[in-house]
Novice: 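First the structure, which I've put down as structure tokens, then a few questions once you've had a look.
Residue numbers count from 1 along this sequence. Side chains are part of it too, since the values below use all heavy atoms of this structure and drop only hydrogens, waters and symmetry mates.
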Amino acid sequence: MKKNPDYSRYVLTVTLNPAVDKVAVVPDFRPGRDQLCADILRSAGGKGINVSRGLKILRVRTLATGIAGGGAGRMMLRLLDEENIRHDFVVARCESRTNLTVIDPVHRRMSRVLEPGPVLKTGDGRRFVMSFRRLLRFSRFVVISGRPPAGLPSSFCRGLVEIAQAEGLRVAVDTSGPALREALKARPFLVKVNCSEAQSIIGRSHVSRSRPGLLRGLRDRGAQIAIITLGPAGAVASDGKDILSASAPRVTAVNTVGCGDAFLSGFLAAYLAGDSLAEGLRMAAASGAASACRVLPVRFIRADVERLAGRVRIMPLR
């Protein structure tokens, strides 16, 4: 990956429904029984926060924003401070989520319990938009990740895309369902989804048209660059000129939470350095694989990404 010469502005990541990610390591975990944890770990979580964490590891200047509240929100902000991840969150009168991941290292299994998150008030959304506009003045790129929490309309992310684009900024969107459908109407620069999310947007009649068909469907609906992640099978992407597939390096996965966010951070780091779509996919696949090898989400190291990048195969799709 080329060295990025521009550190004067940051990549702004938006996480409207952040969380404290709690990871319990429980050897030989069996549901329905009392068991002792071998370890308990906590980190600030949420898709945009994970992207900021990955970008920081890859030496790209970033700032995380969103809406946080309550004891969980205060803990999340403290955890961000401990990692030296720059942030500027709107504080609301709500309780942010706490998500639980149980990792069984004996059987290499992982289970998750996800809280839905708070119900925000209309005023919380208005205050965030005001803060978002202020932060755009110092941004070079915007990432909007995750679905809006209850209380905000499904069109909320679309509105953020339109505001950022009006300031001349390119926007990456990683969401799903109605929020994704709405965001596509704003024609964002990049959309990253998994295969099931793409199928839900394009429609079942397109599923049999293959992955290139899904990519074309996303681009027809507004995405300038469309990326579909496929888990251990890698990813596919199209920018309208090329349709490419990337293999995923084989690794021993420990925790797959946040791998898609690590993937996006790798792609953006390469793209912002001026690399091609192919090299962006290579860095993305390597970052996602490196993240899967760690207990906490998106805690890979740069050296692992560079090592794994050499094992990613990029192929054209027909």
Novice: Give a yes or no on this: more than 12 heavy atoms of other residues, nucleotides or ligands lie within 6.0 Å of atom CZ of R307.
Specialist: yes
Novice: Taking the side chain as C-beta and beyond, is there a heavy-atom pair between S176 and N194 under 4.5 Å?
Specialist: no
Novice: So which heavy atom on I67 is nearest to which on P18, and how close?
Specialist: O-CD, 3.0 Å
Novice: Could you please spell out the steps behind the side-chain contact (heavy atoms from CB on, under 4.5 Å) verdict for R170 and L190?
Specialist: CA-CA 8 Å; R170 292 182 169 182; L190 186 153; over 6 Å; no
Novice: Heavy atoms, side chains only, cut-off 4.5 Å: are S287 and L58 in contact?
Specialist: yes
Novice: Do V254 and V257 share a hydrophobic cluster (ILVMFWY, side-chain heavy atoms under 4.5 Å, transitive)?
Specialist: yes
Novice: Can you check whether R250's main-chain N or O pairs, donor with acceptor, with R311's side chain at less than 3.5 Å?
Specialist: yes
Novice: Minimum heavy-atom separation for F189 and Q165, please, with both atom names.
Specialist: N-OE1, 4.3 Å
Novice: Taking side chain to side chain donor-acceptor pair (under 3.5 Å) as the criterion, tell me which of D81, T15, T13, T65 meets it with H87.
Specialist: D81
Novice: Any side-chain heavy-atom pair from R86 and R61 closer than 4.5 angstrom?
Specialist: yes
Novice: Is N99 close to E115 at the side-chain level, that is, under 4.5 Å between some pair of heavy atoms?
Specialist: yes
Novice: Just say parallel, tilted or perpendicular for the rings of F138 and Y10, cut-offs at 30° and 60°.
Specialist: tilted
Novice: Atom OG1 in T256, atom CE in M110: separation rounded to 0.5 Å?
Specialist: 3.5 Å
Novice: Step by step, would you call E182 with R158 a salt bridge (Lys or Arg N to Asp or Glu O under 4.0 Å)?
Specialist: CA-CA 6 Å; E182 285 292 320; R158 174 186 176 181; 3.3 Å; yes
Novice: For R219, is the CZ atom crowded, meaning more than 12 foreign heavy atoms sit under 6.0 Å from it?
Specialist: yes
Novice: Hey, does the side chain of R53 reach the backbone of A44 with a donor-acceptor pair shorter than 3.5 angstrom?
Specialist: yes
Novice: Examine distances only and state if a side-chain atom of R59 and a backbone atom of A269 form a donor-acceptor pair shorter than 3.5 Å.
Specialist: no
Novice: What I'd like to find out is whether the side chain of L160 reaches to under 4.5 Å of the side chain of V129, using heavy atoms alone.
Specialist: yes
Novice: For the atom pair CG (N17) and OG1 (T175), what is the distance rounded to the nearest 0.5 Å?
Specialist: 10.5 Å
Novice: Hey, does D88 have a side-chain heavy atom less than 4.5 Å from the side chain of L63?
Specialist: yes
Novice: Which atoms form the tightest heavy-atom contact between S145 and K47, and what is the distance?
Specialist: CB-CB, 3.4 Å
Novice: Treat each ILVMFWY residue as a node, draw an edge where side-chain heavy atoms are under 4.5 Å apart, and state whether I49 and V60 are in one component.
Specialist: no
Novice: Can you check whether E279's main-chain N or O pairs, donor with acceptor, with S276's side chain at less than 3.5 Å?
Specialist: yes
Novice: Please report the interatomic distance CG(L12) to CG(L169), rounded to the nearest 0.5 Å.
Specialist: 9.0 Å
Novice: Walk me through it: do D104 and V26 pass the test side-chain contact (heavy atoms from CB on, under 4.5 Å)?
Specialist: CA-CA 5 Å; D104 177 357; V26 185; 5.9 Å; no
Novice: Check for me, please, whether F29 and L296 land in the same ILVMFWY cluster - side-chain distances under 4.5 Å, paths through other members count.
Specialist: no
Novice: In this structure, are over 12 heavy atoms from other groups packed under 6.0 Å from I40 atom CD1?
Specialist: yes
Novice: Any sub-3.5 Å donor-acceptor pair from S247's side-chain atoms to R313's backbone N or O?
Specialist: yes
Novice: Any heavy-atom pair between the side chains of P148 and F128 that's under 4.5 Å?
Specialist: no
Novice: Do the side chain of S291 and the main chain of V298 share a donor and acceptor less than 3.5 angstrom apart?
Specialist: yes
Novice: Might you work through the side-chain contact (heavy atoms from CB on, under 4.5 Å) test for R134 and R137, ending with a clear yes or no?
Specialist: CA-CA 6 Å; R134 171 176 57 84; R137 291 181 293 169; 3.3 Å; yes
Novice: Between D174 and V143, does the side-chain contact (heavy atoms from CB on, under 4.5 Å) criterion hold? Intermediate values first, please.
Specialist: CA-CA 8 Å; D174 181 4; V143 179; 5.8 Å; no
Novice: Supply the atom-to-atom distance S131 OG to L136 CG, rounded to the nearest 0.5 angstrom.
Specialist: 9.5 Å
Novice: Mind checking the CZ-CZ spacing from R187 to R221? Nearest 0.5 Å is all I need.
Specialist: 12.0 Å
Novice: I'd like to know if the side chain of R282 reaches the main chain of V312, judged simply by a donor and an acceptor atom lying under 3.5 Å from each other, with no hydrogens or angles considered.
Specialist: yes
Novice: List the atom of V161, the atom of P188, and the distance in Å for their closest heavy-atom pair.
Specialist: CG1-CB, 4.2 Å
Novice: Heavy atoms only: give me the nearest V251-A292 pair and the separation to one decimal.
Specialist: CG2-CB, 4.5 Å
Novice: So if you build clusters from Ile, Leu, Val, Met, Phe, Trp, Tyr with side-chain heavy-atom gaps below 4.5 Å, do I227 and L268 land together?
Specialist: yes
Novice: Within this structure, what is the CD1-CZ distance for the pair I228 and R211, rounded to the nearest 0.5 Å?
Specialist: 8.5 Å
Novice: When clusters are formed by joining ILVMFWY residues with side-chain heavy atoms under 4.5 Å apart, either directly or through shared neighbours, do I85 and L135 land in the same one?
Specialist: no
Novice: Does the E162 side chain pair with the main chain of A186, one donor and one acceptor, at a distance under 3.5 Å?
Specialist: no
Novice: Using only atom types and a distance under 3.5 Å, with no angle test, would you say the side chain of E95 pairs donor to acceptor with the backbone of P118?
Specialist: no
Novice: Looking at side-chain heavy atoms only, is the closest gap between V90 and D124 below 4.5 Å?
Specialist: no
Novice: For S43 and R299, work out which heavy atoms get closest and say how close.
Specialist: CB-NH2, 3.4 Å
Novice: For T62 and V11, indicate whether the former's side chain and the latter's backbone hold a donor-acceptor pair under 3.5 Å.
Specialist: yes
